[in-house]
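None of the values given here were measured: they were computed from a predicted structure.
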Amino acid sequence: MALARAQAVAVLGVEGHLVEVEADLADGLPRLTLIGLPDAVLHESRDRIHAAVVNSGQRWPNRRITLGLFPATLPKAGSGFDLAMAVAVLAAAAVVPPDSLLRRVFIGELALDGRVRAVRGVLPAVLKAAAAGVERVVVPAANAAEAALVPGARIEPAIDLAGVLAVLRGDAAPPEVAGPAPVAPAPTGETSVDLADVAGQARGRLAVEIAAAGGHHLFMQGPPGSGKTMLADRLPGLLPMLDTDASLEVTAVHSVAGLLPIDAPLVTRPPYRSPHHSATPAALVGSGSAVIRPGLASQAHRGILFLDEAPEFARQSLDALRQPMESGTIEVARARATARFPARFQLILAANPCPCAKARGPRATGCECPSLVRRRYLARLSGPLLDRIDIQVALSAPSRAELKADLGRSDTSAQVATRVAEARAQSGNRLAGTPWRVNAEVPGSALRRLWPLPTSATAMAERAFDAGLLTARGLDRVHRLAWTFADLAGRASPGPEQFGAALDLRLPGWAA
């Protein structure tokens with residue numbers, strides 16, 4: 001009997017788990033048995049690794065082979081175990097020294113001709129291997145740049161199985177890749193669209209600036225032509241570049257989702273997702289049985305999730321976002337496993353006032369919807385969902401005079417992005433040493449305990465709460481907005497003026 005061990009990584013959600021691959025060769029009828037809770041794709045690996053070994057010029061052991069993946073209780077899915085299983089079998093057959101496998105983790109799918117194909121989830125897998133103290137990680141050459149993002153990891157890119165075997169036998173020097181090339185940050189606010197293009201919407205431009213500075217959720221309601229979609233499309237250009245930790249978090253999610261381009265494996269800009277209104281709850285929060293993939297909400301982690309024509313989305317889809325808006329994470333539970341994905345996104349909603357979408361107001365063309373139809377249309381946005389949205393503004397279609405007055409006078413995206421960066425720097429200094437990054441993440445209890453404010457500053461918001469216009473959650477959101485207004489103004493703390501402005505964005509038209 002001959003036995004050899006190799007190491008691989010199973011990725012569940014965005015978390016890696018080390019897996020020990022054992023290969024046992026024994027006398028008996030030639031066959032290959034795979035154990036250890038493999039899925040259907042892993043069962044197909046038996047044929048892939050057999051063909052890859054033979055086509056790499058090696059002899060397949062004509063014995064009874066048992067491949068075990070441990071821990072056996074951990075679900076294993078996907079084709080990323082192919083390389084580890086192949087080298088374990090060949091080490092047990094004395095083709096390569098078994099000791100050469102002990103200090104390495106092997107990740108990769110094998111083609112029938114022995115080439116090592118790229119797989120998803122390499123970044124979280126390498127992060128786990130590095131955290132476990134593994135010296136070297138063998139990954140597909142196409143994933144090498146992504147794997148090299150992990151500090152301290154020694155990456156060995158693999159082109160084909162024959163090259164991996166040559167390194168393990170000592171016939172070739174281990175190939176390595178240097179750390180990732182430094183990414184030059186794009187100029188702040190530089191995008192193909194500019195906020196100055198949205199003319200006649202001073203209120204809407206203020207709303208997106210506040211949303212960008214404090215990370216606040218935003219709901220815009222108004223007729224077609226009021227600039228809702230234009231404002232949402234320009235919000236990403238106001239956000240600062242992701243820091244190192246946030247970049248790795250976002251890149252890990254995109255790696256598992258299979259969205260990383262080979263030539264740019266590190267995500268440095270906040271992601272932006274704008275799904276069609278037919279998106280299902282599974283598409284938003286994540287789906288899959290054996291392999292659970294992150295949904296659009298997780299793909300928008302540290303970025304923006306924009307739902308245009310929000311009442312057209314199924315109510316079940318919208319309400320599925322309520323829990324991650326509070327917790328910043330999504331748990332997708334299935335019979336075999338539960339996967340956890342980060343989902344700290346900014347939710348931007350846009351809605352028409354009614355299904356016919358005809359303007360209402362001074363320039364109205366005449367809404368044809370009965371009052372019951374209008375109520376039912378907006379009622380698809382549930383009260384608990386709207387209560388979690390900090391900024392709620394009603395926009396009207398600008399008049400020709402307003403468009404003319406705004407022409408060439410509005411601040412550009414670059415100018416607004418500079419103010420946003422300064423505001424975030426001020427809030428970052430205040431939140432240093434806490435688990436929160438922006439004002440929108442700070443719980444109300446922590447705001448009151450760590451940064452108490454005098455009654456003279458908060459009196460207006462408290463009167464709105466006493467009048468029943470704000471829930472306790474809504475009052476907390478007014479406090480967060482007031483802090484963001486103070487950060488943009490360069491004030492040490494908000495006063496009555498900042499609370500008045502915050503209330504105006506939360507309760508439009510309300511007068512204390």
Side-chain angles (χ1 to χ4, degrees), residues 1-12 17-117 119 125 129 134 136-140 156 158 160-171 290-291 336-337:
M1 182 177 72
L3 181 68
R5 295 181 177 87
Q7 292 186 93
V9 181
V11 177
L12 189 58
H17 303 268
L18 278 182
V19 172
E20 188 175 81
V21 180
E22 292 187 337
D24 175 75
L25 275 60
D27 296 332
L29 292 175
R31 65 175 183 178
L32 193 155
T33 303
L34 188 60
I35 60 176
L37 209 58
D39 71 342
V41 176
L42 260 175
H43 277 294
E44 295 173 354
S45 296
R46 294 177 295 186
D47 297 322
R48 285 197 301 272
I49 63 175
H50 180 277
V53 167
V54 172
N55 290 323
S56 297
Q58 305 299 322
R59 181 181 177 184
W60 182 257
N62 194 28
R63 304 178 67 181
R64 182 164 59 89
I65 304 171
T66 303
L67 278 171
L69 309 178
F70 304 100
T73 55
L74 178 72
K76 291 98 180 166
S79 56
F81 300 92
D82 288 5
L83 184 57
M85 292 191 292
V87 297
V89 168
L90 294 176
V95 174
V96 295
D99 291 345
S100 64
L101 312 184
L102 300 180
R103 300 179 300 277
R104 290 179 169 91
V105 161
F106 298 87
I107 303 168
E109 173 187 321
L110 289 176
L112 298 184
D113 60 359
R115 286 177 294 120
V116 181
R117 296 182 182 273
V119 294
V134 178
R136 296 176 178 271
V137 185
V138 182
V139 302
E156 296 182 358
D160 53 35
L161 178 60
V164 174
L165 298 179
V167 171
L168 296 178
R169 286 194 297 257
D171 297 338
V291 181
R336 294 182 55 171

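At a threshold of 4.5 Å between non-hydrogen side-chain atoms, the residues Asp39 and Pro75 do not count as touching. Residues Glu156 and Val164 form no side-chain contact, since every pair of their non-hydrogen atoms from C-beta on lies 4.5 Å or further apart. Using a 4.5 Å heavy-atom cutoff, the side chains of Leu37 and Leu69 are not in contact. Residues Val87 and Leu161 form a side-chain contact, since some pair of their non-hydrogen atoms from C-beta on lies under 4.5 Å apart. Put simply, the side chain of Ser56 does not reach to within 4.5 Å of the side chain of Asp160, judged on heavy atoms. Side chains of Leu18 and Val9 form a contact here, defined as non-hydrogen atoms less than 4.5 Å apart. For the pair Ile65 and Trp60, the minimum side-chain heavy-atom distance is below 4.5 Å. With a 4.5 Å cut-off on side-chain heavy atoms, Val138 and Val105 do not count as touching.
A donor-acceptor pair is defined here as one N or O able to donate and one able to accept, closer than 3.5 Å; no such pair exists between the side chain of Arg104 and the backbone of Leu101. Panel note: side chain Asn55, backbone Leu112; a donor-acceptor pair is recorded below 3.5 Å. Not a single donor-acceptor pair under 3.5 Å links the side chain of Lys76 to the backbone N or O of Leu42.
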Please lay out, stage by stage, how Leu90 and Leu168 fare under the test side chain to side chain contact (heavy atoms under 4.5 Å, CB included).
CA-CA 11 Å; Leu90 294 176; Leu168 296 178; over 6 Å; no

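Smallest separation of non-hydrogen atoms from Val116 and Ala158: CB-O, 3.7 Å. Annotation for Arg169 and Val96: closest pair CG-CG1, 3.7 Å, computed over non-hydrogen atoms. Nearest heavy atoms, Glu20 versus Glu22: OE1-OE2, 3.2 Å. Taking every heavy atom of both residues into account, Gln7 and Leu102 meet most closely at NE2-O, 3.5 Å. Nearest heavy-atom pair across Asp99 and Arg103 is O-NH1, 3.7 Å. Scanning all heavy atoms of the two residues, the minimum distance from Ala4 to Ala88 falls at CB-O, 3.6 Å.
With rounding to the nearest 0.5 angstrom, the CD1 atom of Ile107 is 9.0 Å from the CG atom of Leu83. Here the straight-line distance linking atom NE2 of His50 with atom CG of Leu32 works out to 9.0 Å at 0.5 Å rounding. Note that CZ of Arg117 is 10.5 Å distant from CG of Asp82, once rounded to the nearest 0.5 Å. Separation of atoms OG1 (Thr66) and CG (Asp24) is listed at 5.5 Å; rounding is to 0.5 Å. Note that the CZ atom of Arg136 and the OG atom of Ser100 stand 11.5 Å from one another [nearest 0.5 Å]. Rounding to the nearest 0.5 Å gives a distance of 6.0 Å between NE2 of His17 and CG of Leu74.
Comment: Asp27 engages Arg63 in a salt bridge, judged by a side-chain N to carboxylate O separation of less than 4.0 angstrom.
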